[in-house]
Amino acid sequence: MPRVLYQVDAFTSTPFRGNPAGVVLCAAGLTDAQMLAVARELYNSETAFVLPADGDDHDVRVRFFTPTTEVPTCGHATVAAHYARAVEYSLPSGTWVQKSGTGLLQRVRVLREGDRVRIGMEQGEAVFGTELDGDRRDRLLRALGASPDDLIGDGPVQIVSTGHSKALVELRDRATVDALRPDPAALTALSRAFGTNGFFVFTRATGDPRRLTWSRMFAPAIGITEDPVTGNGHGPLGAYLVRHGLVPTVNGRLAFTGRQGWAMGRPGDVDVRVDTGIDDELRVAITGEAATAFRADLRI
């Protein structure tokens, strides 16, 4: 089958908002170097390459590349990839199992409501890593362009992962988040020092009753100066809010909408769900809309 290239804006129903991702359908036969070249040419934060299954435990494989490297998983590019599949192949509502390039298995749902297509994905196990305090916390704040006075003291500055780790930093209000002017070189150095490539800054003081959180994400160490709307930031965020008791659950569940991308002129919304299971295990899922920016044949 011919290779088809989509540019999909994830976590929005409006083209040229949300988070753009490239999607290459029928990517079998492309080398790693060719995938990286396509990702570099498109220069989105991630490009997804859809491949046939190579085992009985999944339906489709997807690999994710930034303009500089392969990453284990990506929330917005997963939404984009399965939205492109749903549009290209007229897929009905249903559930598929996706295997990432590193072997992570995730259940992905296509939700059709007339012409509207939403994509939901289960994320990996919530893993709570290092809490950054003292000098390490202050170094991070300086690299972000913030100060200790900008912090809100309810929860720690902590590295959390549901497949691709982020350092989570809560600031006092939306204006403070929007005013950040990070130092990419300093954040790149801290990525190596802290063992995480992403820095997810958020506030719960959104001024909008429809949205619980307002956020930005920076990952210059992997070629992403700032990411518009980050699925693999909102999943860890949901787990963090539950683990530290910052937002109450209802019958063991937290469900909320987070907004990101405003400071970049590409706002989008991520619906997050966190369920508490036995032994306090946290199961995280995100859902979002998407829109096609363009579709083209890929001649490579």
Between the side chains of Glu226 and Arg216, is the shortest nitrogen-to-carboxylate-oxygen separation below 4.0 Å, so that they form an ion pair? yes
More than 12 heavy atoms of other groups within 6.0 Å of Arg136 CZ: yes
To the nearest 0.5 Å, what is the distance between CD (Gln123) and CG (Asn232)? 5.0 Å
Test item: Arg85 side-chain N/O and Val50 main-chain N/O as donor-acceptor pair under 3.5 Å: no
Once you round to the nearest 0.5 Å, how far does CD of Glu170 lie from CG of Asp173? 11.0 Å
I need the Ile222 CD1 to Thr66 OG1 distance, nearest 0.5 Å. 5.5 Å
Note: Leu42 and Gly22 closest approach over all heavy atoms is CD1-CA, 3.9 Å
Taking all non-hydrogen atoms of both residues into account, name the closest pair between Asp227 and Ser45 and its distance. OD1-OG, 2.8 Å
Would one find more than 12 heavy atoms of other residues, nucleotides or ligands at under 6.0 Å from atom CD of Glu131? yes
Passing option when Thr257 is tested against Thr213, Thr287, Asp271 for side chain to side chain donor-acceptor pair (under 3.5 Å): Asp271
Please check if Leu190 and Leu180 belong to a single hydrophobic cluster, counting links between Ile, Leu, Val, Met, Phe, Trp and Tyr side chain heavy atoms closer than 4.5 Å. yes
The residue among Asp57, Asp54, Asp59 that forms side chain to side chain donor-acceptor pair (under 3.5 Å) with Lys99 is Asp54
List the atom of Arg137, the atom of Leu132, and the distance in Å for their closest heavy-atom pair. CB-O, 3.4 Å
Is any side-chain heavy atom of Arg266 closer than 4.5 Å to a side-chain heavy atom of Val229? no
For the residue pair Ile286 and Gly75, what are the closest heavy atoms and their distance? CD1-CA, 4.3 Å
Whether Glu70 side chain and Thr102 backbone form a donor-acceptor pair below 3.5 Å: no
Could you check Ile119 against Val110 for side-chain contact (heavy atoms from CB on, under 4.5 Å), going step by step and ending with a plain yes or no? CA-CA 5 Å; Ile119 305 296; Val110 174; 3.9 Å; yes
Minimal non-hydrogen separation, Leu171 against Ile152, with atom names: O-CG2, 4.1 Å
Backbone N or O of Leu254 within a donor-acceptor pair of the Thr249 side chain at under 3.5 Å? no
Should Val247 and Phe256 be counted in the same cluster of Ile, Leu, Val, Met, Phe, Trp and Tyr side chains packed under 4.5 Å apart? yes
Answer with yes or no after comparing the ring centroid distance for His234 and Phe202 against a 6.0 Å cut-off, counting only values under it. no
Can a donor-acceptor pair be found between the side chains of Thr230 and Gln260 at a distance below 3.5 Å? yes
Side-chain touch Asp9/Thr14, heavy atoms, less than 4.5 angstrom: no
Go through it in stages, so that I can follow the logic: the residues are Gln7 and Asn44, the test is side-chain contact (heavy atoms from CB on, under 4.5 Å), and I'd like the CA-CA distance, side-chain angles, deciding distance and then a yes or no. CA-CA 9 Å; Gln7 179 94 336; Asn44 298 311; 2.9 Å; yes
Examine the side chains of Tyr6 and Glu88 and answer whether a donor and an acceptor come within less than 3.5 Å of each other. yes
Do His82 and Val60 have side chains that approach each other closer than 4.5 Å (heavy atoms only, starting at C-beta)? yes
Tell me if the CG atom of Asp135 is crowded by more than 12 foreign heavy atoms within 6.0 Å. yes
Can you tell me how far the CG atom of Leu246 sits from the CZ atom of Arg204, to the nearest 0.5 Å? 5.0 Å
Looking only at heavy atoms, the pair that brings Phe64 and Ser100 closest together is CE1-CB, 4.4 Å
Heavy-atom side-chain contact between Val157 and Leu141 under 4.5 Å: no
Residue from His164, Arg63, Glu46 passing side-chain contact (heavy atoms from CB on, under 4.5 Å) with Thr73: His164
Salt bridge flag under 4.0 Å for residues Asp275 and Arg273: yes
For the CG atom of Leu25 and the CG atom of Leu5, what is their distance to the nearest 0.5 Å? 8.5 Å
Value for OG1 (Thr276) from CG (Leu282), rounded to nearest 0.5 Å, stands at 5.0 Å
Working for side-chain contact (heavy atoms from CB on, under 4.5 Å), residues Asn197 and Val71: CA-CA 10 Å; Asn197 289 323; Val71 293; over 6 Å; no
Should Phe218 and Pro184 count as side-chain neighbours, where that means a heavy-atom distance under 4.5 Å? no
Residue that, paired with Glu289, satisfies salt bridge (Lys or Arg N to Asp or Glu O under 4.0 Å) out of Arg116, Arg112, Arg118: Arg116
Check Arg259, Arg210, Arg17 against Asp269 for a side chain to side chain donor-acceptor pair (under 3.5 Å) and give me the one that passes. Arg259
Any side-chain heavy-atom pair of His244 and Gln158 under 4.5 Å: yes
Checking Arg3 side chain against Ala28 main chain: does a donor-acceptor pair fall under 3.5 Å? yes
Any non-hydrogen side-chain atom of Leu104 less than 4.5 Å from a side-chain atom of Pro72? no
Are Val38 and Leu51 co-members of a hydrophobic cluster defined by side-chain heavy atoms under 4.5 Å apart? yes
Apply the test side-chain contact (heavy atoms from CB on, under 4.5 Å) to residues Arg243 and Val160: give CA-CA distance (whole Å), side-chain angles for both, the deciding distance (0.1 Å), then the verdict. CA-CA 11 Å; Arg243 173 58 59 89; Val160 185; over 6 Å; no
Does any non-hydrogen side-chain atom of Leu187 lie less than 4.5 Å from one of Leu140? yes
Single hit among Thr203, Asp178, Asp208, Thr206 for side chain to side chain donor-acceptor pair (under 3.5 Å) with Trp214: Asp178
Hydrophobic cluster membership, Val87 vs Val24, 4.5 Å side-chain cutoff: no
Would you confirm whether Ser191, through its side chain, and Thr196, through its main-chain N or O, come within 3.5 Å as a donor-acceptor pair? yes
Same cluster or not: Trp96 versus Tyr83, using hydrophobic residues (I, L, V, M, F, W, Y) connected whenever any side-chain heavy atoms lie under 4.5 Å apart? yes
Can any side-chain N or O of Thr292 pair as donor or acceptor with the backbone N or O of Phe294 at less than 3.5 Å? no
